[in-house]
Peer 1: 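Structure incoming, see below.
Lettering of chains follows the sequences in order, A, B, ..., and the numbering in each one begins at 1.
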Amino acid sequence: MVLDDFLHLMPLLILVMGSLITMLVIAVKRYHKIIYIITMLSLIAAFASLFEIGIGEPYHISPLFIVDGFAIFYIGLILLSSLVVAMLSYAYFEQREERKEEYYILHILATLGACVMVISKHFGALFLGLEVLSVSLYGLVAYLRTRERSDEAGIKYLILAAMSSAFLLFGMALVYAMSGSMGFYEIGLYLAASQQVPLILIVGFGLMVVGIGFKLGVVPFHMWTPDVYEGAPAPVTAFIATVSKGGMVAVLIRFFMQTNGFNYPTMILIFTIIAIASMFAGNILALMQNNVKRILAYSSIAHLGYILVAFLAGNAMGIEAVTFYLVAYFITSLGAFGIITLLSDEERDAEQMEDYRGLLWRRPWTAAAFTAMLLSLAGIPLTAGFVGKFFVLAAGVRTELWLLVVMLALNSVIGLYYYIKIVAVMFSQTNVGHERQALHPSAYLVSGGTIALLAILLIYVGVYPAGLMQLIEALIISIYAPVM
Amino acid sequence: MNGISMEAGLLLAAILFALGLMGLLMRRNIIFMLVSVEIMLNAAGLAFIVAGMRWAQPDGQVMFIFILTMAAAEVSVGLALILQLYHQLKTLDSDAASRMRG
């Protein structure tokens, strides 16, 4: 390790330091506010250190990691989302668990895992990042011990995630057995050199798709999504919906780019089927739900399907569309789950449809923000979601993926129904108003401010997408740079 | 170790993996489900060692040690969760523990 290596890994090192300091401070004294401030500071410091890394040549910390513009963009995205989740968590945990400090250790570690995944270019690094993320998430999902559904969600997630890890690992082992290397690029070289891809290698890739598909929560590996979304505390759900899935999408893009995966029709066919199945299953199952968290869970399955459409376009435009859509989806999901967090009381999360009846008359601003988030998920103009969907469609049309484009348009219509249903409930007149006990006002200020910021960002990106698109184009371009 | 071909080693790993998967799908006791997952993870580890042997590289064994470490971490979290679940429900039957529907 030379000094340059440390410089390029600085965001990750800061996160490691942050989690260690948090652990030590907890050992001395449990004080929620201080732990919270340390967490925020380490996330902000990690984000600031990204600016120190030049985005010139991709930097290889061989053979495991690669730091380039693509990685910097996704790490920045992950750190900012994680920051937002941390801001929302304070008020949420302040009124619940007695031992709330360890939450922040797990939170930082999970973020670290996602960042490691983003910069990995080797199976070993990918596995490490994935497991740091997953094992922290087991703890986070089951964090509220007194709520019985928390345990259930935790154990379900643990068993299924461990199973998917086993699939991923077995697939990696088979690929390694055939190609003799675990680096993405070397595997690509092996694939290009061999005339006929051996059967064991195909089986290996198939098993890896199971593992990756599970983490993304796409059909047919989506069974865990609604239960975990429902059982986990609302901020953790926001974390799973954004950071965990975003990290996996980044790995998928890098893997396909470096191995030239888009040249293999079998892979394209598999992902096409997965994308169409995810869009339909997600949207149709969401129609039957009455629980807002479950609706958002099924909608996330559908949204991953949309992302796969752009991903399958496989060219520069497709990758940019994926990234843009992901940013829009992150803003929207964080906002939506943030509002659920904000409205939740001590006993349970605000997840029933009834909790939202007449929200407009009780808390007009919250209702307005939630409406904006839902409309963005549905893809209504003037929101980030619309622009994202537009780029995805454009990428699909450009590469003439007509089947996928038609399916996407059809599904957007189905999706509109259940988003509008929630909006309608919020707008309906009612006179049952149950007052919640007021928390510390400053805690609400932070959460409320975060939501307001997200709502403004949502509209801003929706009205003026060019700025974000330029940033994406400038940074993402490095993914095509010739890798050694 | 020259007597064992790579195919035989991978076949053994695949059989172990399939046994673990079958156990996971058929067992209703959560602890046995956890054990089955462990078998699947170790099968993947074995496959890595066989693959590393073929190329005479240490990478396979490095991955195996990672897998062992990860599996240990996973089991410790898993057992803690199972303990918690048992305190609340007084059962380890996964069907009885599953109450979220939809």
Peer 1: Report the option among V203(A), I159(A), L207(A) that has the most heavy-atom pairs separated by less than 4.5 Å from atoms of chain B.
Peer 2: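 Looking at each option in turn, the highest pair count goes to I159(A).
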
Peer 1: To the nearest 0.5 Å, what is the distance between CE (M182(A)) and CG (D59(B))?
Peer 2: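 With rounding to 0.5 Å, CE (M182(A)) is 4.5 Å from CG (D59(B)).
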
Peer 1: Work out which heavy atom in A51(B) is nearest to a heavy atom in A173(A); give both atom names and the distance.
Peer 2: CB-O, 3.8 Å

Peer 1: For the candidates S179(A), G171(A), S181(A), which exhibits the highest count of non-hydrogen atom pairs separated by less than 4.5 Å from chain B?
Peer 2: S179(A)

Peer 1: Heavy-atom cut-off 4.5 Å, strictly under: side chain, backbone, both or neither for S164(A) against chain B?
Peer 2: neither

Peer 1: Quick check on A13(B) against chain A: is it the side chain, the backbone, both or neither that has a heavy atom closer than 4.5 Å?
Peer 2: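 Contact with chain A is through both the backbone and side chain of A13(B).
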
Peer 1: At a heavy-atom separation under 4.5 Å, does I67(B) approach chain A through its side chain, its backbone, both, or neither?
Peer 2: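 Contact with chain A: backbone and side chain both.
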
Peer 1: Determine yes or no for a side-chain-to-main-chain donor-acceptor pair under 3.5 angstrom, with Q88(B) supplying the side chain and R145(A) the backbone.
Peer 2: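 A pair under 3.5 Å: yes.
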
Peer 1: Need one label for I200(A): side chain, backbone, both or neither, based on atoms under 4.5 Å from any heavy atom in chain B.
Peer 2: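 Interface part for I200(A): side chain.
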
Peer 1: Is it the backbone or the side chain of L174(A) that comes under 4.5 Å from a heavy atom of chain B, or both, or neither?
Peer 2: side chain

Peer 1: Output the distance between atom CG (L169(A)) and atom CZ (F17(B)), rounded to the nearest 0.5 Å.
Peer 2: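 Interatomic distance, L169(A) CG to F17(B) CZ, rounded to 0.5 Å: 9.0 Å.
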
Peer 1: If you measure from CE on M178(A) to CG on L10(B), what distance do you get to the nearest 0.5 Å?
Peer 2: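 Here the interatomic distance stands at 6.5 Å.
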
Peer 1: For chain A, find which of H87(B), E7(B), M70(B), R54(B) contributes the most heavy-atom pairs closer than 4.5 angstrom.
Peer 2: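 That would be M70(B).
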
Peer 1: Quick one: of M33(B), M40(B), Q84(B), who has the most non-hydrogen atom pairs under 4.5 Å with chain A?
Peer 2: Q84(B)

Peer 1: What is the distance from atom CD1 of I82(B) to atom CG of D151(A), rounded to the nearest 0.5 Å?
Peer 2: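 The CD1 atom of I82(B) sits 11.0 Å away from the CG atom of D151(A).
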
Peer 1: Verify side chain to side chain contact (heavy atoms under 4.5 Å, CB included) between F170(A) and F48(B), making sure each step is shown before the conclusion.
Peer 2: CA-CA 8 Å; F170(A) 203 84; F48(B) 263 114; over 6 Å; no

Peer 1: Please report the shortest heavy-atom distance between A166(A) and A44(B), naming the atom on each side.
Peer 2: O-CB, 4.1 Å

Peer 1: Considering only heavy atoms, which portion of A80(B) lies under 4.5 Å from any heavy atom of chain A: side chain, backbone, both, or neither?
Peer 2: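 It is neither, since no heavy atom gets under 4.5 Å.
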
Peer 1: Measuring heavy-atom distances to chain B, does S136(A) have an atom under 4.5 Å in its side chain, in its backbone, in both, or in neither?
Peer 2: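 Looking at S136(A), nothing touches chain B.
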
Peer 1: Side chain, backbone, both or neither: which part of L41(B) has a non-hydrogen atom closer than 4.5 Å to chain A?
Peer 2: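 Both backbone and side chain.
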
Peer 1: For a quick test of reading the model, state the closest non-hydrogen atom pair linking L81(B) to A142(A) and the distance between them.
Peer 2: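 So the minimum-distance heavy-atom pair works out to CD2-CB, 3.2 Å.
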
Peer 1: Kindly say whether Y176(A) contributes a backbone atom to a donor-acceptor pair with the side chain of W55(B) at under 3.5 angstrom?
Peer 2: yes

Peer 1: Is Y190(A) atom OH crowded by more than 12 heavy atoms from other residues, nucleotides or ligands, each under 6.0 Å away?
Peer 2: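 Counting other residues, nucleotides and ligands, OH of Y190(A) exceeds 12 neighbours.
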
Peer 1: Of the backbone (N, CA, C, O) and the side chain (C-beta and beyond), which part of A161(A) lies under 4.5 Å from a heavy atom of chain B, both, or neither?
Peer 2: neither

Peer 1: Return the CD to OH distance between E74(B) and Y138(A), rounded to the nearest 0.5 Å.
Peer 2: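 It comes to 3.5 Å.
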
Peer 1: If I measure from the heavy atoms of chain B, does L158(A) come under 4.5 Å with its side chain, its backbone, both, or neither?
Peer 2: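 The side chain, not the backbone.
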
Peer 1: Considering only heavy atoms and a distance below 4.5 Å, find which of Q57(B), E38(B), M6(B) pairs most often with chain A.
Peer 2: Q57(B)

Peer 1: In this structure, are over 12 heavy atoms from other groups packed under 6.0 Å from F280(A) atom CZ?
Peer 2: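 More than 12 within 6.0 Å, yes.
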
Peer 1: How far does CG of L21(B) sit from CE of M163(A), to the nearest 0.5 angstrom?
Peer 2: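 Reported to 0.5 Å precision, the distance equals 6.5 Å.
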
Peer 1: Evaluate whether atom CZ of R99(A) has more than 12 neighbouring non-hydrogen atoms of other residues, nucleotides or ligands under 6.0 angstrom away.
Peer 2: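 Counting neighbours around CZ of R99(A), 12 or fewer heavy atoms of other residues, nucleotides or ligands fall under 6.0 Å, so no.
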
